[in-house]
Student: 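After the structure tokens below, expect a handful of questions from me.
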Amino acid sequence: LINMSDKIIELLVMFIVGISILISTFFIGKKIKKRGILIGVSLGICYMFTIYIISSIVNMNFTITLKSIEMIGMCIIFGTLGGILGVNLK
């Protein structure tokens, strides 16, 4: 259908994952009203852990690469940011 390069698809996936974690941690932080950093980091790690468990079940050759580490870092950063914003914005 649409001919996009692997690099564009990879960036698009990272953007969508980052935004979804940011939004979810924002609303969770807003609801709980405390410990935004801890909530954000925890949710980011849980999200990636879940994705990697599912990926390793589906794809038996699954390995951790530099891209995997970048994705984990990005999830932690976006989760932390969302948690902080959710707790602190009125």
Side-chain angles (χ1 to χ4, degrees):
L1 293 169
I2 298 175
N3 189 11
M4 293 198 297
S5 72
D6 289 341
K7 188 68 174 169
I8 292 173
I9 293 172
E10 192 175 292
L11 290 172
L12 188 61
V13 166
M14 288 186 80
F15 175 76
I16 291 169
V17 167
I19 294 300
S20 66
I21 290 175
L22 180 77
I23 291 169
S24 62
T25 54
F26 174 81
F27 285 114
I28 290 172
K30 198 157 194 62
K31 183 176 176 97
I32 295 176
K33 296 183 171 70
K34 58 183 174 181
R35 291 185 247 163
I37 293 173
L38 182 62
I39 291 166
V41 169
S42 299
L43 187 66
I45 290 171
C46 287
Y47 179 84
M48 287 314 301
F49 183 70
T50 303
I51 294 297
Y52 287 127
I53 292 292
I54 292 169
S55 295
S56 63
I57 290 170
V58 171
N59 181 7
M60 296 300 192
N61 298 347
F62 181 76
T63 58
I64 302 258
T65 63
L66 181 60
K67 284 290 173 200
S68 305
I69 294 169
E70 288 175 357
M71 186 73 109
I72 291 168
M74 184 205 61
C75 288
I76 291 171
I77 291 169
F78 275 76
T80 303
L81 183 61
I84 290 170
L85 291 173
V87 168
N88 292 307
L89 290 180
K90 301 291 178 200

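By convention here, the first residue in the shown sequence is residue 1. For clarity, every value in this text was computed on a predicted model and none was experimentally measured. As a basis for the values below, the full set of heavy atoms in this structure was taken, side chains included, without hydrogen atoms, waters or symmetry mates.
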Student: Once you round to the nearest 0.5 Å, how far does CD1 of Ile28 lie from CD1 of Ile23?
Tutor: 12.0 Å
Student: Starting at OG1 of Thr50, measure out to CG of Leu43 and round the result to the nearest 0.5 Å.
Tutor: 9.0 Å
Student: Measure the shortest side-chain to side-chain distance between Tyr52 and Met71 over non-hydrogen atoms and say whether it is less than 4.5 angstrom.
Tutor: yes
Student: Are there over 12 heavy-atom neighbours, none belonging to Ile51, within less than 6.0 Å of that residue's CD1?
Tutor: yes
Student: How long is the straight-line distance from CD1 of Ile54 back to CZ of Phe49, given to the nearest 0.5 Å?
Tutor: 10.5 Å
Student: Answer yes or no: is there a donor N or O on one side and an acceptor on the other, between the side chain of Thr25 and the main chain of Gly79, under 3.5 Å?
Tutor: yes
Student: Do Val17 and Phe78 have side chains that get closer than 4.5 Å, going by heavy atoms?
Tutor: no
Student: Could you state the interatomic distance from CZ (Phe15) to CG (Leu22), rounded to the nearest 0.5 Å?
Tutor: 10.0 Å
Student: Contact between Val87 and Lys30 at the side-chain level, heavy atoms closer than 4.5 Å - yes or no?
Tutor: no
Student: Ile77, Ile37: one ILVMFWY side-chain cluster at the under-4.5 Å cut-off?
Tutor: no
Student: For the hydrophobic clusters of this structure (ILVMFWY residues joined by side-chain heavy atoms under 4.5 Å, transitively), does one cluster hold both Leu66 and Met48?
Tutor: no
Student: For residues Ile9 and Ile19: do they belong to one hydrophobic cluster (side chain heavy atoms under 4.5 Å, members Ile, Leu, Val, Met, Phe, Trp, Tyr)?
Tutor: yes
Student: Check whether Phe27 and Ile39 end up in the same hydrophobic cluster, where Ile, Leu, Val, Met, Phe, Trp and Tyr are linked by side-chain heavy atoms less than 4.5 Å apart.
Tutor: no
Student: Rounded to the nearest 0.5 Å, what separates atom CD1 in Ile21 from atom CD1 in Ile45?
Tutor: 10.5 Å
Student: If you round to the nearest 0.5 Å, how far is CG of Leu12 from CD1 of Ile8?
Tutor: 9.0 Å
